Amino acid sequence: MERVSIEEAKRRLGETLTIAGWVSRTRDLGKLKFILLRDASGEIQVTVKPDNPIAETLEELHLGREDVVAFKGRVVESRIAHAGVEFIPESVELINRAKQPIPIDVSGRVKAELDTRLDYRFLDFRTPRSRAIFRIQHTLLQAFRRFLSDRGYLEIQPPCIIASASEGGAELFRLPYFDRTAYLAQSPQLYKQMCAVSFEKVFMVVPVWRAEKFDTPTHLNEVRQMDIEQAYADDEDVMRVLEECLVYMLEAVRRERREELEILGRELEVPRLPLRRLTYDEAIEMLRGVGDEIEWGEDFTRTQERKLWSLLGEEAFFIKDWPETLKPFYAMPREDDPRLVHAFDLIYRGLEISSGTQRIHLPDLLRRRLREKGLNPENFKHYIECFEYGAPPHAGWSIGLERLTMAVTGASNIRECCMFPRDRERLIP
RNA sequence: GCCCUGGUAGUAUAGCCCGGUCUAAUAUGCUCGGCUGUCACCCGAGUGAGCGCGGGUUCAAAUCCCGCCCAGGGCGCCA
């Protein structure tokens with residue numbers, strides 16, 4: 001089909017072109033008909049006067065919302081049409097009918113609940129809100145890749161099916177693997193380390209799975225994460241990369257997604273660097289200062305993270321120097337206080353969007369830490385092995401894509417920021 | 001797994017507290033009719049739910065009670 005996008009057509013005034021898209025709505029005044037036609041690029045009003053050769057065909061077609069139609073004709077300036085331009089067709093082709101009534105209002109005017117929207121996700125993608133969210137997500141991803149590629153990081157592809165569940169922590173999804181049992185990866189952690197000890201600087205965007213029965217607005221059983229791993233780096237080094245990367249991504253969204261931010265009613269503030277580095281101890285103090293009864297050694301709840309955000313009044317900040325009990329075995333202990341590890345979380349708009357650590361690159365220390373955590377170093381032979389043949393110190397982090405999208409778009413439920421969310425109940429679509 | 005709130009036309013809400021006036025209302029959609037400049041077009045008519053599912057109380061249940069399922073939020077859980 002010789003077809004141009006609606007946005008392109010608007011730039012090519014007077015030329016005879018074919019546009020195609022969905023009927024957003026029709027305004028039928030009897031002899032005069034207006035059809036609002038929408039494609040992925042934009043919307044235009046198609047105006048059909050009684051003397052138009054297609055006037056009669058159009059009457060017979062009786063177009064309805066979301067019918068797919070192609071028009072051949074030209075874009076002309078119009079002083080009457082509010083958009084300033086309109087499309088005058090000379091022929092029309094009905095490409096496909098939409099069944100009526102449509103399950104949700106694609107124009108976004110009659111609200112639908114998230115659950116209903118997710119049942120009809122393909123239609124929901126046509127609403128201004130959803131389109132804005134996923135375009136912003138796309139920009140975040142593009143900016144992430146560009147930022148790291150420009151700085152010499154190599155994009156790697158770790159496996160999603162893994163053999164071992166012996167890392168501890170979250171429950172994994174099991175699956176049959178020929179005559180063995182395998183698992184869906186809960187983290188590409190080991191693989192990115194294996195890459196970093198040879199490629200030095202790597203990044204990736206991968207899905208991960210957690211079989212936890214959580215039921216919250218910020219958790220999914222399948223999420224995508226954006227990770228880096230870097231050799232010859234400690235936690236502070238990669239925190240700097242993280243904050244710069246965040247600012248880079250936010251600036252890209254602010255620059256390239258002005259219209260989408262407006263649809264969402266979001267004014268995106270780009271934090272100034274360096275970000276505040278709050279220690280875990282300071283965060284505990286702050287919460288206690290306002291009457292929160294948090295114990296040292298406890299993790300922060302979502303409510304507490306939001307509380308810290310409002311107390312600090314900063315868009316984004318780090319919490320660092322965590323108790324070793326709250327972080328995985330491979331987090332490097334602090335020399336000055338072995339109760340603490342070189343680990344950090346990044347809180348953006350009250351939401352934990354990223355966490356990272358400096359990793360233990362010393363096999364003996366790793367074995368000791370595993371034992372201290374009640375794990376058997378024998379089960380981690382392949383993991384430890386990659387540090388036996390010349391492993392530089394290294395550190396890394398991971399950003400949850402859906403969480404970041406939530407914070408940037410202002411969505412209150414993570415499901416809205418995942419195209420096809422997987423949670424405890426939802427497996428379809 | 002726990003606590004709170006909710007589930008009513010395709011969609012979103014009202015009604016529920018205080019049972020009967022609900023033959024279930026409103027918006028939007030949809031159907032039909034009218035309209036030559038609309039732009040959330042307008043005007044008129046119509047269509048569409050028996051109130052999440054199951055049970056109970058009552059002369060009478062959308063409304064009260066019990067169980068279950070589902071949704072939203074808070075927690076828990078979550079290297």
Side-chain angles (χ1 to χ4, degrees), chain A residues 24-36 43-52 55 62 64-66 78-86 98-120 123-124 127 165-172 185-190 193 208-221 223 225 298-304 306 322-331 341 343 345 352 355-357 359-360 369-370 373-375 380 383 396-398 400 412-413 415-416 423-426:
Chain A
S24 271
R25 64 198 315 141
T26 56
R27 290 189 278 267
D28 188 339
L29 273 59
K31 297 217 164 55
L32 233 194
K33 296 186 200 316
F34 300 99
I35 296 144
L36 205 54
E43 238 173 6
I44 195 165
Q45 174 171 281
V46 177
T47 301
V48 182
K49 294 183 186 174
D51 58 354
N52 190 300
H62 188 76
R65 289 188 170 198
E66 300 309 301
S78 163
R79 271 171 298 148
I80 320 167
H82 289 180
V85 291
E86 59 187 357
K99 202 164 108 187
Q100 299 294 344
I102 295 160
I104 60 170
D105 177 18
V106 169
S107 76
R109 288 200 174 83
V110 177
K111 292 275 163 283
E113 280 188 24
L114 184 55
D115 201 45
T116 312
R117 291 171 48 199
L118 292 175
D119 284 341
Y120 296 98
L123 279 173
D124 182 60
T127 64
S166 54
E167 292 171 36
E171 288 285 316
L172 305 195
Q186 68 177 141
S187 161
Q189 183 59 33
L190 313 187
Q193 290 191 65
V208 299
W209 296 269
R210 312 223 160 147
E212 295 293 333
K213 290 183 175 171
F214 26 54
D215 194 5
T216 87
T218 50
H219 291 267
L220 289 172
N221 293 292
V223 295
Q225 52 182 61
E298 278 180 343
D299 206 344
F300 305 109
T301 65
R302 226 162 70 78
T303 315
Q304 286 163 336
R306 280 190 294 224
W322 287 73
E324 55 88 13
T325 50
L326 292 177
K327 294 292 174 185
F329 68 85
Y330 54 73
V341 287
D345 279 8
E352 179 195 325
S355 63
T357 55
R359 330 293 192 187
I360 299 176
R369 290 293 296 134
L370 278 164
K373 286 262 185 185
L375 297 164
F380 294 83
Y383 177 59
W397 45 254
S398 165
S412 56
N413 191 312
R415 280 153 252 256
E416 204 181 5
D423 64 29
R424 226 157 135 182
E425 296 293 336
R426 186 175 289 279

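This one's a predicted model, so the numbers in the text were calculated from it and none came from an experiment. A, B, ... follow the sequence lines: proteins, then strands. Residue 1 opens every chain.
- Looking at residues two or more places apart in sequence or on another chain, you find a side-chain contact (heavy atoms from CB on, under 4.5 Å) between A/Arg109 and A/Arg25, A/Asp105, A/Ser107.
- Partners of A/Lys327 under the salt bridge (charged side-chain N to carboxylate O under 4.0 Å, His left out) rule, at least two apart in sequence or in another chain, are A/Asp345.
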Under 3.5 Å, which protein N or O atoms sit close to an N or O of nucleotides 49-53 of chain B? Give each pair with its distance.
none

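- In a base pair of the Watson-Crick type (N1 to N3 plus N6-O4 or O6-N4) or a G-U wobble (N1-O2 and O6-N3), with each distance short of 3.5 Å, B/G46 is matched with B/C30.
- Looking at A/Gln193 and A/Tyr330, their side chains never bring a donor and an acceptor atom within 3.5 Å of each other.
- Not counting sequence neighbours, the partners of A/Trp322 by the ring pair (Phe, Tyr, Trp, His ring centres under 6.0 Å) test are A/Tyr280, A/Phe300.
- Checked against side-chain contact (heavy atoms from CB on, under 4.5 Å), A/Arg424 has the following partners two or more places apart in sequence or in another chain: A/Lys213, A/Asp215.
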In 5'-to-3' order, the base (B), backbone-only (S) or no-contact (-) status of each nucleotide in nucleotides 31-36 of chain B, using a 4.0 angstrom heavy-atom cut-off, is -S--BB
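- Partners of A/Phe214 under the ring pair (Phe, Tyr, Trp, His ring centres under 6.0 Å) rule, at least two apart in sequence or in another chain, are A/His219.
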In B/S/- notation, 5' to 3', how is nucleotides 5-15 of chain B contacted by protein heavy atoms closer than 4.0 Å?
-> -----SBSS--
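- Counting only heavy atoms from C-beta on, A/Asn413 has its side chain closest to B/G73 among B/G73, B/G37, B/G76.
- The salt bridge (charged side-chain N to carboxylate O under 4.0 Å, His left out) test applied to A/Arg426 returns A/Asp115, A/Asp119, not counting sequence neighbours.
- Side-chain proximity of A/Ala81 to B/U38, B/A40, B/G76: nearest is B/U38.
- Between B/G37, B/G72, B/G29, one nucleotide has an atom nearer to the side chain of A/Thr47 than all others, and that is B/G37.
- Not a single ring pair (Phe, Tyr, Trp, His ring centres under 6.0 Å) links A/Phe34 to another residue, sequence neighbours left out.
- Across all strands shown, B/G1 forms a Watson-Crick or G-U wobble pair with B/C75, both key distances being under 3.5 Å.
- Every residue two or more places apart in sequence or in another chain that forms a side-chain contact (heavy atoms from CB on, under 4.5 Å) with A/Ser78 is listed here: A/Ile80, A/Ala81, A/Glu86.
- Partners of A/Ala98 under the side-chain contact (heavy atoms from CB on, under 4.5 Å) rule, at least two apart in sequence or in another chain, are A/Glu66, A/Asp67, A/Gln100.
- Donor-acceptor pairing under 3.5 Å, judged by distance alone, is absent between the side chain of A/Glu66 and the base of B/G29.
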